Each structure stands twice: as C-alpha cells, then as structure tokens.
Amino acid sequence: MKKKIIAMNASIMIGLGSILAAPSVYAESISNLEKQKESIQDKRSGVESNISETEKKIDNLQDKQMTAEDQIAAIEAKIAESAKKIDAKNAEITQTKKEIEALKEEIKVLKERIAKRNEVLKERALSFQETGGDVNYLEVLFGSSSFGDLVDRVGAVATIAEADRDILKQHELDKKDLEEKQKAVETKLASLEVAKAELLEIQKQQKQQKQEKDALVKKLKQQTKQHEDEKMGLEEEKANLAAQEKAIKSAISLEHQRLAELEAARKKAAAEAKKRAEQEAAQAAAQAASQASQATETKKQSTSSGYSAKSNSSSSSSQSSSNVSQAPAVSSGTFTRPSAGYVSSTMGERWNKQHAGIDIAASGTVPVVAAADGVVSRSYFSSTYGNVVFVTHSIGGQQWTTVYAHLSSRQVGEGAVVAKGQQVGIMGNTGHSFGQHLHFELHKGPWNYSKSNAVNPLNYINI
C-alpha cells in the first residue's frame, strides 16, 4: 500500500513537472513571436522607405517628362516656323523664276533692238567707208536751192551724226542694263536657293531633335510605368506586412491566453495533488481493507470508460470523415496537403518569370484547407491572385506564411484563427488564371513582393 501511494505521488509530480515546464515553452514562443513582430515592423519601415524613394523617382521622371514635352512643343513651334520660312522662300524663288522668265522676254526684245541697231550702224559704217568719212560741204552748199535749204541741209547732216552717237550710247546702255539685270536676278536666285538650303538643314536638325525628345519621353514613360508597378507591389507588400503584424499580435495574445490558462491549470493541479496526497494518507488503512473491491470496481469503470471513449472516437471519426469527404486527409507532418488534385505546375521559371509556388488542379467543388495551424493575415481579392488567403504560422519559433490563390470563394476573414486541415476556401479560377486550380505558396518567413522567402512546398508536404 505504501509503495502504491509513493507511485501515485510520483505520477502526480511527473504530471506537475510537465505542467510546470510548459510555461517556459510558451514564454519562449511568445518571445519568438515578439521578435517576429519586431522584424515585420522593421521590414514595414523599410518598405515604406522604398515606397517613398520610388515616389520620388516617379516625381523626378514625371518632371523630366514634362520638361521634355515642353521642349518638344518648343521644337514643334520652331519646325512650324521654319516650314513657314521655307514656304516663303519657295514663293520668292517661284516669283524670282517668273521674273527671270519675264526678263528673258525683255532680253529677247532687247537683243532684237540691238540687232536692228547693229544693222543701222553697219549701214552707217558702210556709207562712211564708201565716202571716206568726209562730208562734201560744197555739194551741200551748191546743191541748196536757197539759204534756208542750206541751213536745213547742214542741220540734217548734224542730226544724222548726232543720231549715230545716240544709237551707240543707247546700245552701250542697253548692253550694260542687260548684264546688270542678268547678274542681279542670278544673284537673287542663288541667294534664295542658299537660304532655302539653310532653312531645310535647320528644319532637318529640328526634326532630329524632336525624334530624340520623343524617344526620351517614351523611355521616361516606360521607366515611370516600371516604378509605378514597383510601387504597387511595394504597397501590396506593405499591406501584407501590416496584416502579418496584426496576425502575429493575435498569435501573441493567444499565447498569453494559453499561458494564463496553463498557469491556472498548474495551480489547480498542484492544489488537487496536495489534497489527494492528504486524503490518501488519511485513508490508507481504509483503502487497504477495501483494495480488492475497489480494484474490481475500478476495472469495470475503466472498461466502460474505454468502450465509451472508443465509441465516441468512432462516431467523431465518422462525422469528421463525413464533413471533409472531399478534402484531403490531415497528415501528421508539420504541413498537410492543402487540397485534393494533381500537381499541374511545379515551382520554378515559367513564361520567363519565377513561379513561386505549385499549382494543384482538380475539377468540381474542391475544398481548400489550411496547411497548418495559424492566423489569417489577409483575405481579399487581388488582380493577379484573384480570391486569395494568406495564413501566418508560428512553428517552433519560426514564422511561416502560406498562400492560397485563385479561389472561387473564401471561407475565412482576416484575423481568423484556423486549425490545420480547416477549410479556408473553394478551388477556383479567379485573377490571372487559366483553368480551375489552387496556386499554393509556402514562405519561410513573411511574404514579400519579390517572394525571396518562397520555398518549394513539395519539399515539406507529401502531395
């Protein structure tokens, strides 16, 4: 009897020892969660800083783009001005060519006039050669019928001589005028052609400058688009980190609650153990007398209790099986399979991009379950993920994040505490998806936009 009491006391102490040891485990878990929360806060601060830097880059690019567009507008105005000047020069050139054509007609008439004068002068020269160039004034004198006729004859001779001199003088003036007009028009035309060529070269350079500015604006727009996409990714990462921080806080609260419950259980167990030890010491004699009958009764109760537990277990198992008949069985490992179906795509490069998880495909209504115990950090609709659920897990002091994407519907909201194997949604084809499947990601640490913490789920889950 004494040995039995000692054994019972030893059993109680072992149970108390395990209860007493548990708070340190929970305290360590809380400490790890606090560290994870601080790490997430640091990352959020870093992401916010990156968002601020990206916004500055976008503003800078937009300023450059506006400057370039203003320069393009100024260049276009110059090109338009150059085009007007070229049109004006073309009009001047056309007018000058018309003047040249008109001058050609004048030259033609002038040449005919000069030719006629040349004929007259030739006749004068021939007459001069035949007479020797001397005027026989006696013939003029004696051939006159009167003094008046004499005066007329002398005047006529003088007039003819003066006319010859005028013809020669006009002949020289016409030739000089012709030469000057030809030279002036040719100079003007050449000057206009040079001016037009210069304007065309200026316009060519302006068009080249515009092409360069157009290319610069296009490049700036592309860079702005890249930074805007990056900013969107960073903002999504910031939102996820905020949600993860909230989930970690919830997990810390749960750990504190468990720790409080454990402390209460420890005190209750210690009190019960002390009371039981006192009762056993006081009733040692009475228990010795009724040991046989008590042993028999205890055996019956144990058998009945075992049968009842077995029956309840069987009923519960049957009921559970009925509830998750289309869901995969919950495995005993760290993570369980998230849905039924076959792996249609593995982790790795796909379509020149990194596929950060695996795809599990199946037809019909397929439940999607949590891969491990955790807290839902995000539950929302994404343009790429579609209906998506993020779950944050704390396992052995290590933070994990699982992602369930392209769901047709979500069964849990942000902040919900989920158990391993608990349904979180239905497999679907939402977001950037081609055919019904579950896109499942596993991250050792928090999720981030670059998905640098992603690990291959097939290395942790038997699918």
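Remember, predicted model here, so these are calculated numbers, not experimental data.
Between Leu192 and Glu92, the shortest heavy-atom contact is CD2-OE1, 3.3 Å. What you find for Ala340 and Pro328 is that their closest heavy atoms are N-CD, 3.8 Å. When every heavy atom of Tyr385 is checked against every heavy atom of Lys451, the shortest pair comes out as OH-NZ, 2.9 Å. Across all non-hydrogen atoms, the minimal contact from Ala370 to Val418 is CB-CG2, 4.0 Å.
Using a 3.5 Å distance cut-off with no hydrogens or angles, the side chains of Tyr449 and Glu235 do not pair a donor with an acceptor. A side-chain donor-acceptor contact under 3.5 Å links Thr402 and Tyr404. Donor-acceptor pairing under 3.5 Å is recorded for the side chains of Asn448 and Ser452. For Gln206 and Ser82, the side-chain atoms include at least one donor-acceptor pair closer than 3.5 Å.
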Q: Dump the intermediate steps for salt bridge (charged side-chain N to carboxylate O under 4.0 Å, His left out) on Glu81 and Lys85, then the final yes or no.
A: CA-CA 6 Å; Glu81 185 180 351; Lys85 289 180 179 180; 3.6 Å; yes
Q: Go through the steps for Ser409 and Gln411 under the test side chain to side chain donor-acceptor pair (under 3.5 Å), then give the verdict.
A: CA-CA 7 Å; Ser409 63; Gln411 311 298 320; 3.1 Å; yes
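For the pair Asp214/Ile72, a side-chain contact is recorded, criterion being any heavy-atom separation below 4.5 Å from C-beta on.
Aromatic rings of Phe434 and His432 (six-membered ring for Trp) have centroids within the 6.0 Å cut-off, being under it.
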